[in-house]
There are 2 protein chains.
Amino acid sequence: MAKPPTTRDAVIPLLAEAFREHGYQGTSMAILQDATGLGRGSLYHFFPGGKEEMAAAVLADIRAWFDERVFSPLRSASTGAEEARQGVDTMFDEVRTYFRSGRRVCLPGVFAIGRERDKFDDAVRGYFAEWVDTLTAALGAAGSSEPRSRALQLIAAVQGGIVLARALDDPDVFDTVIDSARAPIDL
Amino acid sequence: MAKPPTTRDAVIPLLAEAFREHGYQGTSMAILQDATGLGRGSLYHFFPGGKEEMAAAVLADIRAWFDERVFSPLRSASTGAEEARQGVDTMFDEVRTYFRSGRRVCLPGVFAIGRERDKFDDAVRGYFAEWVDTLTAALGAAGSSEPRSRALQLIAAVQGGIVLARALDDPDVFDTVIDSARAPIDL
DNA sequence: GTCTATAAAGCGATAGAC
DNA sequence: GTCTATCGCTTTATAGAC
């Protein structure tokens with residue numbers, strides 16, 4: 001919008017926010033220009049594949065962020081019971097901040113329920129598969145009896161919490177959903 | 001597609017499936033023609049407001065279905081504890097069948113996380129608000145200590161289960177998520 | 001690298017014949 | 001009531017000047 005960035009990497013977060021706000025189909029090149037402050041020519045210079053390459057780059061960037069801030073900590077937390085519990089705690093802290101209690105959508109989640117799922121199949125599935133796998137491992141290390149079911153339930157609570165908080169236009173709903181899902185055994 | 005229907009009411013379910021498969025923005029008039037077997041002229045005859053009126057009619061139809069099959073039973077089940085439990089049971093049966101374990105998306109949910117939320121604000125909010133209210137009442141009657149939090153959690157499990165089942169391309173995930181969410185107290 | 005101009009296709013919506 | 005033809009606009013993508 002304001003200051004035109006000069007590197008491909010600096011552009012990606014701006015593209016990401018545009019895709020999150022308008023969805024894949026709803027995001028036009030004109031919107032992408034406004035969001036980045038760049039002209040058509042510059043965008044196609046950085047992303048010759050156009051809109052599809054931009055969305056793919058955004059998904060890769062999101063994946064990298066979660067790898068570093070969520071998945072990797074969960075993985076390395078799976079050594080002992082106490083570390084595992086703390087790994088899950090920090091996951092929810094990161095996630096709550098990242099999604100801003102549902103004010104910000106999960107782009108892989110949005111793509112999952114739309115036609116974009118086909119086009120970005122690997123990225124969408126990979127994102128959620130790694131989340132499930134790493135959280136399952138952490139929950140198992142923390143002593144959960146059915147770690148995979150519990151991991152699916154908690155991740156679904158995050159995704160459903162986003163949907164519900166936005167539908168009701170009430171961010172508190174997101175926090176309530178997460179807290180309720182965690183409550184029974186605090187794992 | 002196959003047989004062109006002749007009444008407005010008969011067209012709506014076909015439109016609904018098209019919107020569910022392609023999203024609001026992704027559903028073009030050409031797709032709507034294919035889905036209904038009707039020409040442009042006929043569609044505009046039934047829905048002078050075009051695409052927006054069609055989507056509004058679909059949302060109203062979905063709302064009516066849930067009113068009859070889910071919300072109304074939940075409301076009338078809120079008289080006694082045992083009826084309330086059974087009302088919640090039938091809700092999950094209806095929902096599991098309706099969403100086909102995540103193979104079918106929830107259109108109000110899809111609209112909630114997209115830009116369509118603004119245009120169909122009342123319909124989206126009304127659908128989820130009534131779901132939350134009626135389920136809260138039933139859970140309260142069934143003896144739940146925090147019925148509203150629990151209602152939000154269970155509805156979020158449905159929405160998140162759809163997202164996750166589609167992302168992982170595994171309908172079993174939907175059922176696992178629902179069962180896990182219900183497990184702790186079976187309410 | 002960044003821009004504007006423009007091509008080629010698809011969009012929603014309308015008009016008018018039947 | 002249903003159709004086809006078409007308008008006017010927006011879309012993605014490309015070309016070429018600077």
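Reminder, nothing fancy here: chain letters follow the sequence lines and each chain counts from 1. Note that the coordinates shown come from a computational prediction; the quantities given were computed from them, not determined experimentally.
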Residues in ring-ring contact (aromatic ring centres under 6.0 Å, His included) contact with [X], at least two apart in sequence or another chain:
| X | value |
| --- | --- |
| A:F174 | none |
| A:F128 | none |
| A:Y44 | none |

### Message
Can you tell me how the ring of B:F111 sits relative to the ring of B:Y24, calling it parallel under 30°, perpendicular over 60° and tilted otherwise?
### Response
perpendicular
### Task
Could you label the plane-to-plane angle of the A:F66 and A:Y98 rings as parallel, tilted or perpendicular, counting under 30° as parallel and over 60° as perpendicular?
perpendicular
### Message
Strictly by salt bridge (Lys or Arg N to Asp or Glu O under 4.0 Å), give each pair with a member in residues 159-173 of chain B just once, sequence neighbours left out.
### Response
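Applying salt bridge (Lys or Arg N to Asp or Glu O under 4.0 Å) to every pair that reaches into residues 159-173 of chain B, excluding sequence neighbours, yields nothing.
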#### Entry: B:L168/A:L152 under side chain to side chain contact (heavy atoms under 4.5 Å, CB included): CA gap, chis, key distance, verdict
CA-CA 11 Å; B:L168 298 175; A:L152 292 172; 4.2 Å; yes
### Query
What does nucleotides 4-14 of chain C look like as a protein-contact string, B for base, S for sugar-phosphate only, - for none, at under 4.0 angstrom between heavy atoms?
BB-----SBBB
### Task
Walk along DNA chain D from 5' to 3' and tell me the first and last nucleotide with an atom closer than 4.0 Å to a non-hydrogen atom of chain A.
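Range of nucleotides within reach of chain A: D:dT11 to D:dT14.
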